[in-house]
Amino acid sequence: MERDYQPSVIESKVQAAWDAEGVFSRSEDPAKPKFYCLCMFPYPSGKLHMGHVRNYTIGDVISRYLTMNGYNVLQPMGWDAFGMPAENAAIKNQVPPAAWTYDNIAHMRGQLKQLGFGYDWNRELATCTPDYYRWEQWLFTRMLERGLAYRKKARVNWDPVDQTVLANEQVIDGRGWRSGALVEQREIEQWFIRITDYADQLLDDLDTVDWPEQVKTMQRNWIGRSQGVEFSFARPGHTERLEVYTTRPDTIMGITYVAIAPTHPIATKAAESRPELAAFIADCTRIKVAEADLAQAPKLGMATGESVIHPLTGEELPIWIANFVLMEYGSGAVMAVPAHDQRDWEFATQYGLPIRAVIAPQGEDPTYDIGQAAWTEKTGMTIASGEFDGLPFAAAFDAVAARLEALGIGRVTTNYRLRDWGIGRQRYWGCPIPVIYTDEGIKPVGDHALPVVLPEDVVVDGQGSPLVRRHDFVQTIDPETQRPAQRETDTFDTFMESSWYYARFASAFSQDAMLDRHANYWLPVDLYIGGIEHAILHLLYARFFHKVLRDLGLLTSDEPFKKLLTQGMVLKDGSKMSKSKGNTVDPQALIDLYGADTVRLFTMFAAPPEQSLEWSDEGVAGAHRFLKRVYSLVADAVNQRYTDVPFTVADLSPEARDLYRKLHETIAKVSDDIGRRYHFNTAIAAVMELVNQLQRFTPESAMDQAVYRQAIDRVVVLLSPITPHLSTHLWQALGQSTPLHAIAWPTVDTAALTRDVYMLVVQVNGKLRARIEVAAEATDVEILKQARAEQQVRKFLEGMTEVKTILVPQKLVNLVVKPA
RNA sequence: GCGAGCGUGGUGGAACUGGUAGACACACAGGACUUAAAAUCCUGAGGCAGAAAUGCCGUGCGGGUUCGACUCCCGCCGCUCGUACCA
């Protein structure tokens with residue numbers, strides 16, 4: 001065989017063979033367990049970046065490994081094709097978003113094929129095609145029927161110059177990114193879906209999935225279920241009452257004021273007669289809508305002049321407008337207890353409002369100093385609370401709740417931080433929302449009229465959505481009355497498309513239904529792999545859709561993703577790759593230079609999946625060097641025509657036996673690292689160790705040659721999930737007739753792993769002092785005797801008495817001593 | 001601000017369940033081969049002291065638990081992700 005490793009020749013040849021044989025097409029197979037391995041599909045932004053390469057290599061390695069372990073593995077791929085970048089590109093280059101998107105898809109599909117990922121391309125989908133989004137429109141129509149979709153007002157960032165709604169990322173330092181105009185908050189009527197109806201299930205079912213604990217914790221906190229009390233204050237001079245929600249009714253006697261959101265009806269009403277209030281409220285709308293900005297803005301407030309009556313003391317308390325109170329959470333009003341809530345404390349201190357301590361710690365607590373900070377622990381006891389004095393948290397909670405309930409003004413409730421999902425976007429490049437506005441109100445277009453097709457021949461100029469100006473799109477007829485009607489011009493949030501694509505892949509060929517019975521064969525996804533940045537929103541929305549689809553009878557499972565693997569970022573020089581920082585690395589250039597196998601190998605070797613990966617061009621060169629070494633190792637073995645005689649372990653020379661043991665230790669390590677741990681970097685390191693040992697080994701006898709030859713064969717197989725092209729090529733060169741992708745994963749010869757003697761570490765007081773070689777059958781007493789006899793150990797035992805001995809089998813001995 | 005992570009040699013990382021810190025690489029230095037270079041191969045290396053044997057120190061910082069802590073607990077510092085219209 002040729003002496004030189006030529007990746008470009010090998011890779012295109014191997015890929016052509018896979019294509020011709022349809023190696024990765026999948027259908028149901030009752031003889032094998034199914035495994036659905038899914039990577040988060042990409043946004044077709046133009047070309048693949050390193051994050052994609054990393055993500056998809058991880059999925060491909062696992063898929064190939066499991067296929068060799070007897071699973072019927074499905075690995076599909078598609079395109080998250082709607083979204084803002086297409087509109088931005090359209091503005092910049094005067095290309096319609098559709099054309100730009102389809103070009104990008106064609107290019108990126110080619111790149112994925114070049115990287116050798118084993119996808120079932122028959123199932124490919126792009127979310128911007130009517131074939132796909134018609135079923136999303138169909139599902140939305142079902143949601144409308146069931147009352148899961150509704151309209152309400154919501155705040156958006158408004159650019160007064162471009163006359164358009166801006167995404168949070170398009171608002172930079174309070175100004176529109178293109179116009180530079182000061183952005184203001186506006187309230188507009190929007191479409192919402194009731195994800196909060198599923199809040200309890202979304203929370204409780206987290207216990208049933210095999211996800212990283214950190215992601216489950218983030219979702220639990222995001223949903224934020226809390227037990228609290230909802231009650232109302234009477235207002236002097238008004239008949240309507242003011243509703244608040246609190247998780248700390250035990251502090252009710254410490255209320256010194258009430259804070260309401262700037263958009264609360266009481267604030268709006270008060271501002272009518274007081275211009276300074278109106279000005280303050282207007283000021284509050286200068287901050288962009290993002291929670292991070294709202295929470296970090298300086299806390300500002302203004303007294304409304306209105307008041308409430310404390311329900312238990314009858315005291316009159318002022319109502320303040322505070323810019324940090326959110327209308328979306330609870331009722332948009334909070335009872336303020338500055339002594340026991342840090343935000344209330346800061347606000348009260350800033351505006352000279354009274355602070356009244358009503359909880360005291362049990363015992364000494366140096367952090368308890370209400371003059372310096374709020375004391376927010378729930379471990380204290382009520383004080384200065386009249387009849388509620390001397391109660392711990394739970395008892396005080398119950399007593400106060402019972403009293404408010406008895407008064408007929410309050411009740412214990414469950415509250416969620418999770419809000420309903422706003423799914424309407426005032427943008428063009430998205431799925432049309434299938435409703436019409438008629439003189440009888442809003443109606444769905446009806447299933448027979450689906451899909452509502454998005455016109456693709458448009459001009460995008462950044463001044464609002466071009467859909468609004470397309471009269472041929474907007475003007476329609478109400479099929480019920482035959483009178484003119486207007487189509488909805490809002491489109492769906494692109495999270496809608498990514499919330500069910502995983503299910504459509506499993507039912508990709510269904511023409512007359514969103515999902516058919518095949519979906520339930522493949523689902524749930526056995527392993528879902530993608531960026532940690534999707535830990536909350538995308539994963540929560542997809543879980544929600546899955547439950548809705550189940551309740552509609554389309555699916556039988558409760559959760560979409562059984563197991564989740566979240567990968568870290570790809571960094572260069574310590575920070576995220578980005579065009580603005582000029583630290584991007586183009587995978588294409590590396591594929592052209594070294595081949596796909598090298599890029600795959602380095603990406604898997606540089607870090608385990610869940611950690612961030614620091615890119616290194618030198619590291620890639622090193623990975624390539626390793627593959628060249630493997631290539632020439634195999635080429636030598638082939639050219640030497642080593643014998644393949646049968647052998648028994650007992651008859652091997654000591655060196656050959658060492659090599660044979662190392663081989664089987666490596667098989668065990670690689671299988672565990674790929675199959676269980678998903679730590680490919682240590683799997684590769686283990687193969688490198690084996691290759692190093694092989695290079696040091698010169699086979700002499702026929703049996704030496706046979707062991708050596710067997711080890712070479714296994715190296716090729718062990719690397720094959722990671723470097724499938726090179727492995728396929730070498731496998732053929734080694735004269736193997738069964739195709740590599742069809743063979744079974746190597747098994748471990750456990751007999752080869754046993755050792756007659758092993759190393760034991762000897763410590764004195766936890767410090768390493770010696771290593772001893774111990775016979776496998778040695779008793780504890782013998783081991784301790786041998787340890788104490790060691791020169792380096794005796795040195796530290798002199799003048800000491802042994803207090804304790806610790807013996808960890810196969811690992812270490814620790815002699816604990818103290819001066820005699 | 002809030003929620004969740006991460007922090008180990010010059011660099012990426014290893015140490016999986018509390019049991020040998022630095023596997024495997026990268027970069028570097030020295031050597032072999034070469035007219036020379038590249039490529040390839042061999043050797044070396046956490047820091048300090050020492051000729052060496054060896055000793056002491058060492059996993060962001062400060063404390064704690066333990067026979068033993070990179071690993072567990074508490075408090076800080078720094079970085080990363082998310083924060084509901086980026087995907």
Side-chain angles (χ1 to χ4, degrees), chain A residues 40 42-43 45 80 83-85 154 156-157 165-171 190 212-215 217-222 224 289-297 299 324 328 342-343 417-427 493-495 498 531-538 540-541 566 568-569 571 574-576 602 605-608 610-623 625-626 628-629 632 672-673 676-677 679 681-682 684-689 692 695 759-768 771 792 795 803-806 808 811-817:
Chain A
M40 290 181 187
Y43 178 80
S45 54
D80 189 13
M84 279 204 321
V156 293
N157 303 303
V165 174
L166 297 180
N168 283 327
E169 71 158 11
Q170 296 175 312
V171 182
Q190 297 263 47
E213 226 24 77
Q214 82 195 76
V215 176
T217 304
M218 282 192 266
Q219 292 218 348
R220 287 190 189 106
N221 293 340
W222 184 260
V289 170
E291 194 209 86
D293 291 77
L294 290 169
Q296 283 174 86
K299 314 258 172 300
F324 58 85
E328 289 91 346
Q342 189 56 25
R343 240 171 16 177
R417 208 186 73 93
L418 180 69
R419 309 194 295 254
D420 273 341
W421 177 11
I423 51 163
R425 296 290 181 272
Q426 295 69 50
R427 286 184 221 298
D493 177 3
T494 56
F495 274 126
S498 55
I532 183 69
E533 66 272 20
H534 294 293
I536 296 177
L537 292 180
H538 161 61
L540 193 67
Y541 292 147
T566 49
M569 309 253 119
L571 311 177
S575 60
K576 192 175 170 173
F602 174 73
F605 183 58
E610 64 276 11
Q611 284 181 34
S612 59
L613 184 156
E614 175 66 32
W615 192 261
S616 155
D617 289 337
E618 293 80 12
V620 184
R625 247 182 339 251
F626 173 70
K628 284 204 291 198
R629 252 167 56 216
S632 59
D672 188 51
D673 280 348
R676 178 182 65 91
R677 294 214 303 155
H679 277 209
N681 57 331
T682 49
I684 294 164
V687 177
M688 285 174 167
E689 282 186 45
N692 290 344
Q695 284 189 308
M759 282 290 202
L760 208 63
V761 160
V762 185
Q763 298 180 336
V764 179
N765 281 348
K767 287 204 178 200
L768 174 70
R771 292 180 173 83
Q792 277 305 313
K795 231 166 94 182
V803 188
K804 196 176 179 181
T805 54
I806 284 141
V808 183
K811 289 227 166 107
L812 64 71
V813 173
N814 188 10
L815 305 172
V816 184
V817 298

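Naming convention: chains lettered A, B, ... in sequence-line order (proteins, then strands); numbering from 1 in each chain.
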Protein-nucleotides 81-83 of chain B N/O pairs closer than 3.5 Å?
from  : atom 1 : to       : atom 2 : distance (Å)
B/U83 : O2'    : A/Glu291 : OE1    : 3.4
B/U83 : O2'    : A/Glu291 : OE2    : 3.3

- Query: Which one, B/A84, B/C26, B/G3, comes nearest to the side chain of A/Ser616?
  - Reply: B/C26
- Task: Choose from B/A25, B/G12, B/C86 the nucleotide whose nearest atom is closest to any side-chain atom of A/Ala167.
- Result: B/C86
- Of all residues at least two apart in sequence or in a different chain, which pass the side chain to side chain contact (heavy atoms under 4.5 Å, CB included) check with A/Ala290? A/Asn168, A/Lys288, A/Asp293
Measuring only the [atom1] atom in each nucleotide, how far is [N] from [M]? A whole number of Å is fine.
N	M	atom1	result
B/C48	B/G58	C1'	11 Å
B/C70	B/G60	C1'	12 Å
B/G62	B/C81	C1'	27 Å
B/U40	B/G5	C1'	43 Å
B/G44	B/A49	P	22 Å
B/C42	B/U54	P	27 Å
B/U59	B/G64	P	15 Å
B/A15	B/A23	P	12 Å

Under a 3.5 Å distance rule, please check whether [X] uses its side chain to pair with a backbone N or O of [Y] as donor and acceptor.
X	Y	answer
A/Asn157	A/Leu166	yes
A/Gln611	A/Pro608	no
A/Gln190	A/Ile423	no

- Using a 4.0 Å cut-off on protein heavy atoms (strictly under), produce a 5'-to-3' string for nucleotides 14-21 of chain B with B for base contact, S for backbone-only sugar-phosphate contact, and - for none. SSB--BB-
Scan [X] against the nucleic acid and name what it touches under 4.0 Å (heavy atoms): base, sugar-phosphate only, or nothing.
X	result
A/Lys299	nothing
A/Val156	base
A/Val165	base
A/Glu213	nothing
A/Thr494	sugar-phosphate
A/Gly422	sugar-phosphate
A/Leu418	base

- Item | Candidate pair A/Val156 and A/Val289, rule side-chain contact (heavy atoms from CB on, under 4.5 Å), full reasoning | CA-CA 6 Å; A/Val156 293; A/Val289 170; 5.5 Å; no
- Message: Measuring only between side-chain heavy atoms, which start at C-beta, is A/Glu533 closer than 4.5 Å to A/Met569?
- Response: yes
- A/Thr805 side chain reached by A/Asn814 side chain, heavy atoms, under 4.5 Å: no
Protein-nucleotides 41-46 of chain B N/O pairs closer than 3.5 Å?
none

Starting at atom [atom1] of [X], determine the distance to atom [atom2] of [N], rounded to an integer number of angstrom.
X	N	atom1	atom2	result
A/Arg419	B/C85	CZ	C1'	12 Å
A/Gln214	B/G3	CD	P	16 Å
A/Lys628	B/U40	NZ	C1'	9 Å
A/Phe605	B/G12	CZ	P	14 Å
A/Arg425	B/A84	CZ	P	11 Å
A/Lys804	B/G68	NZ	P	9 Å
A/Leu571	B/G7	CG	P	13 Å
A/Tyr43	B/C86	OH	C1'	10 Å

- For B/G9, measure the glycosidic angle (O4'-C1'-N9-C4 for a purine, O4'-C1'-N1-C2 for a pyrimidine) and name it syn if it falls within 90° of 0, otherwise anti. syn
- Secondary structure of RNA chain B per the Watson-Crick/G-U criterion (both distances under 3.5 Å; [ ] crossing, | other strand, . unpaired) is (((((((..(((......[....))).(((((.......))))).((((....))))..(((((..]....))))))))))))....
- Message: Determine whether A/Trp421 and A/Asp493 satisfy the following criterion, side-chain contact (heavy atoms from CB on, under 4.5 Å), listing intermediate values before the conclusion.
- Response: CA-CA 10 Å; A/Trp421 177 11; A/Asp493 177 3; 3.0 Å; yes
[X]: what forms a salt bridge (charged side-chain N to carboxylate O under 4.0 Å, His left out) with it, not counting sequence neighbours?
X	answer
A/Glu169	none
A/Arg417	A/Glu291
A/Arg677	A/Asp673
A/Asp672	A/Arg676

With 3.5 Å as the limit, what N/O pairs link the protein to nucleotides 72-74 of chain B?
none

- Which word best sums up how the rings of A/His538 and A/Phe495 line up, parallel for under 30°, tilted for 30 to 60°, or perpendicular for over 60°? parallel
- Message: Can you tell me if A/Gln792 touches the phosphate of B/G55, counting only side-chain N or O atoms and a distance under 4.0 Å to OP1 or OP2?
- Response: yes
- Query: Is the phosphate of B/C85, meaning OP1 or OP2, less than 4.0 Å from a side-chain N or O of A/Asn157?
  - Reply: no
- B/C85 base / A/Gln426 side chain donor-acceptor hit below 3.5 Å: yes
- Pairing residues for A/Trp222 by the ring pair (Phe, Tyr, Trp, His ring centres under 6.0 Å) criterion, not counting sequence neighbours: none
- Query: What heavy-atom pair brings A/Met40 and A/Gly531 nearest, and what distance separates the two atoms?
  - Reply: SD-N, 3.8 Å
- Query: Are any of the side-chain nitrogens in A/Arg220 or A/Glu213 under 4.0 Å away from the carboxylate oxygens of its partner?
  - Reply: yes
- Decide yes or no on side-chain contact (heavy atoms from CB on, under 4.5 Å) for A/Ile532 and A/Met218, but give the supporting numbers first. CA-CA 11 Å; A/Ile532 183 69; A/Met218 282 192 266; 4.3 Å; yes
- Item | Residue closer to the 5' end of RNA chain B, A/Phe602 versus A/Leu166 (nearest nucleotide) | A/Phe602
With the criterion being N/O to N/O and under 3.5 Å, what pairs connect the protein with nucleotides 28-30 of chain B, and how long is each?
none

- Task: Under the side-chain contact (heavy atoms from CB on, under 4.5 Å) rule, what do A/Gln792 and A/Leu768 come out as? Steps first, then yes or no, please.
- Result: CA-CA 10 Å; A/Gln792 277 305 313; A/Leu768 174 70; over 6 Å; no
